[in-house]
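Taking it in order: structure first as structure tokens, then the write-up.
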Protein chains: 2
Amino acid sequence: MSKKHRVTLHEVAAHAGVSTSTVSLVIRNNPRISEATRKKVFDSINTLGYVYDRVAANLRSQSSGIVGVIVTDISNKFISEFLIGAQNTLEQFGYTVLLGTTFDSVSKQDKLLSTMVEHRVDGLILNPASKSSEKTVKKINELQIPIVLANRELEDANCDYVGIDYVKGAYIAVTHLLEKGHKRIAYLGGIKASSTWIERMQGFQLAYERAGLKLDESLIIDGPPTREGGFDAVSKVLQNENPPTAIFCFSDLVASGVLQGLALHELTPGVDIDIVGFDNIPDSEIYHPPLTTVSSFPRSIGIKSANILYEKMTKSSPEKQRIILKPELIIRETS
Amino acid sequence: MSKKHRVTLHEVAAHAGVSTSTVSLVIRNNPRISEATRKKVFDSINTLGYVYDRVAANLRSQSSGIVGVIVTDISNKFISEFLIGAQNTLEQFGYTVLLGTTFDSVSKQDKLLSTMVEHRVDGLILNPASKSSEKTVKKINELQIPIVLANRELEDANCDYVGIDYVKGAYIAVTHLLEKGHKRIAYLGGIKASSTWIERMQGFQLAYERAGLKLDESLIIDGPPTREGGFDAVSKVLQNENPPTAIFCFSDLVASGVLQGLALHELTPGVDIDIVGFDNIPDSEIYHPPLTTVSSFPRSIGIKSANILYEKMTKSSPEKQRIILKPELIIRETS
DNA sequence: CTGAAAGCGCTTACAG
DNA sequence: CTGAAAGCGCTTACAG
């Protein structure tokens with residue numbers, strides 16, 4: 001093993017006494033090579049310490065074996081679970097994952113999209129930033145590679161999509177609160193411009209309509225889909241002259257901030273005020289107190305996204321797919 | 001914009017009426033190209049919709065612009081925070097991150113290491129699997145690329161390292177419990193073979209020694225560094241004929257499982273039994289009840305790791321570095 | 001079942 | 001300040 005020089009196919013071929021084509025075929029397990037030759041080549045590979053150069057292979061074969069996955073925030077458990085599902089599935093198919101995190105910034109997202117294309121990714125799974133604009137959609141539609149959107153749908157984007165039914169999720173959560181007798185329910189956190197926020201809002205309204213109630217706009221406070229966002233939103237809504245008796249949170253992460261804020265005001269969730277989250281992240285179970293929430297299925301979304309992408313990358317004319325998973329209500333101690 | 005064909009440097013050169021070398025230099029912002037030529041070339045790039053092909057560039061220039069980051073578990077908040085730090089820093093330096101998750105499996109780690117090298121990553125940040133063996137170390141030492149280890153040190157590995165002082169962290173946690181009058185303290189979770197477990201054990205022992213106490217091996221139960229691991233360990237230790245009055249947990253994640261297990265036995269943390277975690281992940285603050293824990297600094301570790309790796313990738317003969325961050329005790333309600 | 005030759009799309013000296 | 005030519009390390013038809 002030399003220090004700087006990388007062993008090439010040529011050298012392996014020379015050492016084994018065959019042609020480079022043969023070595024290439026052996027490496028890729030092509031069955032039309034005889035067992036004897038195969039063994040000879042593998043011996044040479046081992047003694048020379050040859051390392052396959054995918055960069056060269058990719059240039060020649062015009063595919064990279066790399067899939068880009070762009071998400072908004074890996075420290076959000078929902079997203080990290082989603083990522084695990086996508087990554088595991090992709091790796092099983094033999095792909096490697098190039099990860100990008102946008103922190104919900106559209107400009108960062110644009111940059112990542114460009115970088116990934118320059119790296120010739122074979123496909124892309126995108127969990128779009130909340131404020132993705134028409135410009136983003138245009139860019140995505142111009143991309144010449146398979147792409148699937150996850151968790152958040154983009155209007156007019158010509159892509160496959162995997163997500164959950166946020167309308168229904170919000171509907172069951174709010175209906176649960178209404179059935180408990182609440183008439184003033186707040187909706188806290190999440191970016192108003194995003195499809196995920198809008199769809200929850202639709203479910204929220206639907207539940208109100210069916211109950212024959214009118215909603216109070218002053219109880220709807222949007223903000224970043226983070227713990228801080230939840231903390232700020234609850235602080236604001238508690239200053240309302242007629243404060244809510246229950247809160248529907250955009251996500252469990254937002255709910256965690258809401259719980260923090262309530263503790264500060266010495267309000268006990270489930271007693272003084274009812275709270276419902278969204279996502280059912282594992283930690284919601286050990287929040288203080290354990291959080292009632294809507295269960296979505298991030299890992300399944302990741303797996304499904306990867307499967308669809310794989311089909312798009314390998315089949316010639318796959319059908320466009322749109323998969324919507326059904327949510328469930330998990331009742332714990334905050335309601 | 002044609003549908004299948006990718007525009008090449010050649011075509012841009014022809015369109016702009018210059019040579020490919022010139023286009024190449026323009027793209028890479030080489031200052032020795034005149035402003036006029038530069039503009040002409042950029043115009044052609046835009047009208048043709050040219051996309052830079054890094055795969056080709058990388059093959060020729062023998063560097064990929066990609067850094068591999070291999071971690072044990074992105075759904076662990078400590079790790080995801082670490083990743084954010086590393087990734088942000090690396091991206092600022094212009095690198096793209098190829099992510100690998102081992103789920104603490106050594107064989108998966110081996111495979112990922114190979115894949116990354118085949119993709120010609122320029123450098124590697126490795127958060128080693130708990131049971132990484134001598135074989136792993138040998139493999140790492142043979143790698144011809146810069147590599148920095150994070151969070152867990154590997155004996156005899158010839159690498160830079162960034163982590164925190166686990167001995168001291170465990171020492172301050174256990175001393176805190178001893179000062180509260182506890183004499184039977186359990187140590188739950190974590191893999192016995194890993195440096196992170198061993199170092200905490202050393203701190204644990206040191207605290208006991210200074211207090212003039214002898215430790216009881218039956219209160220030391222190792223296991224996977226996960227919530228499930230914590231749950232299982234606490235279930236076991238509670239069956240001890242002389243159960244502990246306090247528990248030092250390998251990590252906050254383990255502590256979350258311990259809290260779950262205690263709830264099942266109707267023991268109230270901070271009242272019936274004291275608990276201390278390790279990591280100070282954001283959620284520990286809203287655990288039920290809020291967890292006393294040792295604060296480590298995952299994001300800083302990520303940032304430091306990336307900085308050191310960058311130096312190694314760019315400087316010719318950097319000094320070997322070993323950075324150990326100091327932990328702090330955060331007292332909340334479980335003790 | 002195996003080999004000789006061309007080429008993927010860039011960058012790199014080198015020449016002018 | 002710019003161009004012609006070689007080459008990075010593979011894979012891909014094609015021929016035998």
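The chains referred to below are lettered A, B, ... by the order of the sequence lines, with proteins before strands, and numbering in each begins at 1.
Contact record, Ala57(A) with Tyr52(A): CB-OH, 3.3 Å, taken as the closest heavy-atom pair. Nearest heavy-atom pair across Thr8(A) and Tyr50(A) is C-CE1, 3.7 Å. Residues Lys320(A) and Asn158(A) approach most closely at NZ-OD1, 2.5 Å, considering heavy atoms. Across every non-hydrogen atom of Gln109(B) and Ser132(B), the tightest pair is NE2-OG, 3.1 Å.
Contacts between residues 26-43 of chain A and DNA chain D, defined by a heavy-atom separation below 4.0 Å, involve Arg28(A), listed by number.
Note: OH (Tyr52(A)) to C1' (dT11(D)) measures 8 Å, nearest angstrom. One atom, CG of Leu25(A), and another, C1' of dG3(C), lie 11 Å apart when rounded to the nearest Å. Look at OH on Tyr50(A): it is 8 Å from C1' on dG9(D), rounded to the nearest Å. A straight line from CZ of Arg60(B) to P of dC8(C) spans 16 Å, rounded to a whole angstrom. A straight line from CG of Leu59(B) to P of dG7(C) spans 17 Å, rounded to a whole angstrom. Distance His119(A) NE2 to dC10(C) C1': 14 Å, rounded to the nearest Å. Atoms CG (Asp53(B)) and C1' (dG9(C)) sit 6 Å apart, rounded to a whole Å. One can place NE2 of His10(A) at 12 Å from P of dG3(C), the figure rounded to the nearest angstrom.
Contact annotation: the side chain of Pro128(A) never approaches that of Ile70(A) to less than 4.5 Å [non-hydrogen atoms, C-beta and beyond].
Of all nucleotides listed (dT11(C), dG9(D), dT12(D)), dT11(C) comes nearest to the side chain of Leu9(B). Side-chain proximity of Arg120(B) to the nucleotides dG9(C), dG3(C), dG9(D) is greatest for dG9(D). For Ala56(A), counting side-chain heavy atoms from C-beta on, the closest listed nucleotide (dC10(D), dA4(C), dT11(C)) is dC10(D).
Under 4.0 Å is where a charged nitrogen must lie from a carboxylate oxygen, and between Arg120(A) and Asp53(B) at least one such pair does.
Using a 4.0 Å cut-off, some side-chain N or O of Gln62(A) falls inside it from OP1 or OP2 of dG9(C). In this model, the phosphate group of dG3(C) is approached by a side-chain N or O of Thr22(A) to a distance below 4.0 Å at OP1 or OP2. Between Ser19(A) and dG3(C) there is a side-chain N or O to OP1 or OP2 distance below 4.0 Å.
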Treat a base pair as Watson-Crick or G-U wobble with both distances under 3.5 Å, then lay out DNA chain D in dot-bracket form, 5' to 3', with | for cross-strand pairs.
|||.||||||||.|||
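Residue contacts for Val18(A): at a heavy-atom cut-off of 4.0 Å it reaches the sugar-phosphate backbone alone, with no base atom in range.
For the pair Asn58(A) and Ser21(B), nearest-nucleotide mapping onto DNA chain D gives the more 5' position to Ser21(B).
Going from atom OG1 of Thr47(B) over to atom CZ of Phe42(B) covers 13.0 Å, rounded to the nearest 0.5 Å. Distance CG/Asn58(A) to CZ/Arg54(B): 15.0 Å, rounded to 0.5 Å.
Residues that satisfy the side-chain hydrogen bond (donor to acceptor under 3.5 Å, both in side chains) test with Thr96(A), not counting sequence neighbours, are His119(B).
Taking only distance into account, the side chain of Thr20(B) never meets the base of dA4(D) through a donor-acceptor pair shorter than 3.5 Å.
With Arg152(B) as the partner, the side chain to side chain contact (heavy atoms under 4.5 Å, CB included) test is satisfied by one option alone out of Thr72(B), Ile191(B), Leu126(B): Thr72(B).
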